[in-house]
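Basis for what follows: all heavy atoms, side chains included, without hydrogens, waters or symmetry-related copies. Counting convention: from 1, in listed order, for ligands and their atoms alike. All figures in this text were calculated on a predicted structure; none of them were measured in a lab.
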Amino acid sequence: MTTSTAPQPANMTDPALAHAWTVLEAVPDPEIPVVSIRELGILRDVRRAADGALEVVITPTYSGCPAMSQIAEDIGLALTTAQLTPYRVATVLAPAWTTDWITADAREKLRAYGIAPPTGNCGAAASSAAPQEKVLRFVPRALPAPSCPRCGSAHTERLAQFGSTACKALYRCLDCREPFDYFKPY
Ligand SMILES: [Zn+2]
């Protein structure tokens with residue numbers, strides 16, 4: 001007799017997969033170490049391949065971001081340390097990553113770190129569009145300026161299209177005068 005009748009996801013019946021999820025949830029983003037690759041929506045799946053290896057599915061963020069090889073390396077190190085081998089990392093490009101996949105917790109962590117999280121309900125229009133239109137989403141979206149992550153003022157101006165990385169734009173708060181990175185909606 002069991003005490004739980006709740007259905008479980010198929011992969012949670014495999015202890016190694018559950019362990020791998022736990023290990024990988026702790027892998028930080030190499031560029032923004034206060035958030036994990038899971039929280040950013042980069043880690044998509046962990047599954048058992050037909051040959052028995054663990055298969056970790058990741059989706060790159062912006063194509064211009066050079067961090068993906070570092071992320072694959074970090075995943076490998078985490079799994080090897082946890083003796084979860086053999087494994088391989090599969091990069092999946094469709095559906096394309098979007099800032100909508102960033103969790104609410106991660107948005108708060110970004111703000112606390114001094115990076116304005118993406119504004120707007122930016123996924124609503126995009127997700128109702130035909131899938132083939134997604135490849136055209138490098139077209140900048142007209143969205144309200146982000147609020148200052150330090151003082152909360154909405155009185156901000158853009159200084160540069162690209163901040164510390166191509167993923168971010170550089171803004172300045174017109175009230176507290178502090179410059180800050182804005183994680184651009186995508
Ligand atoms: Zn401010």
Side-chain angles (χ1 to χ4, degrees), residues 21-45 57-75 77-78 91-129 131 133-186:
W21 269 113
T22 305
V23 164
L24 295 175
E25 273 171 350
V27 173
D29 179 71
E31 291 182 347
I32 314 171
V34 293
V35 290
S36 72
I37 57 172
R38 176 84 189 272
E39 290 173 312
L40 283 181
I42 293 168
L43 178 63
R44 304 309 303 163
D45 200 7
V57 180
I58 56 175
T59 293
T61 55
Y62 306 84
S63 56
C65 272
M68 290 314 283
S69 61
Q70 181 66 49
I71 289 171
E73 215 169 279
D74 292 347
I75 286 171
L77 182 63
T91 300
V92 171
L93 300 176
W97 182 85
T98 158
T99 42
D100 298 343
W101 291 356
I102 301 176
T103 65
D105 278 358
R107 285 166 201 266
E108 284 314 306
K109 289 178 187 175
L110 288 173
R111 204 190 314 277
Y113 189 60
I115 297 172
T119 57
N121 186 15
C122 46
S127 55
S128 61
E133 287 179 41
K134 290 199 169 188
V135 296
L136 298 176
R137 285 202 294 149
F138 55 80
V139 175
R141 299 189 212 175
L143 288 166
S147 300
C148 172
R150 293 183 177 82
C151 73
S153 168
H155 199 202
T156 59
E157 68 173 356
R158 193 175 75 181
L159 298 180
Q161 174 70 27
F162 298 104
S164 59
T165 71
C167 314
K168 306 184 198 80
L170 184 63
Y171 274 73
R172 179 172 61 193
C173 177
L174 295 172
D175 287 326
C176 73
R177 312 303 298 178
E178 286 291 323
F180 62 90
D181 272 338
Y182 171 46
F183 204 123
K184 291 184 281 191
Y186 185 82

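- Considering only heavy atoms from C-beta on, Ile102 comes within 4.5 Å of Pro118 through its side chain.
- A distance-only check finds no donor-acceptor pair linking the side chain of Trp101 to the backbone of Arg44 [under 3.5 Å].
- By the side chain to side chain contact (heavy atoms under 4.5 Å, CB included) test, Thr91 is found to be paired with Ile58, Pro60, Leu93, residues two or more places apart in sequence or in another chain being considered.
- Partners of Arg38 under the side chain to side chain contact (heavy atoms under 4.5 Å, CB included) rule, at least two apart in sequence or in another chain, are Trp21, Glu25, Ser36, Leu43.
- Around the Zn ion (ligand 1), protein atoms of type N, O or S found under 2.8 Å number 4.
- Side-chain contact between Met68 and Ile42: present, with at least one pair of heavy atoms (C-beta onward) separated by less than 4.5 Å.
- By the side chain to side chain contact (heavy atoms under 4.5 Å, CB included) test, Tyr113 pairs with Ile32, Pro33, Val34, Ile115, sequence neighbours left out.
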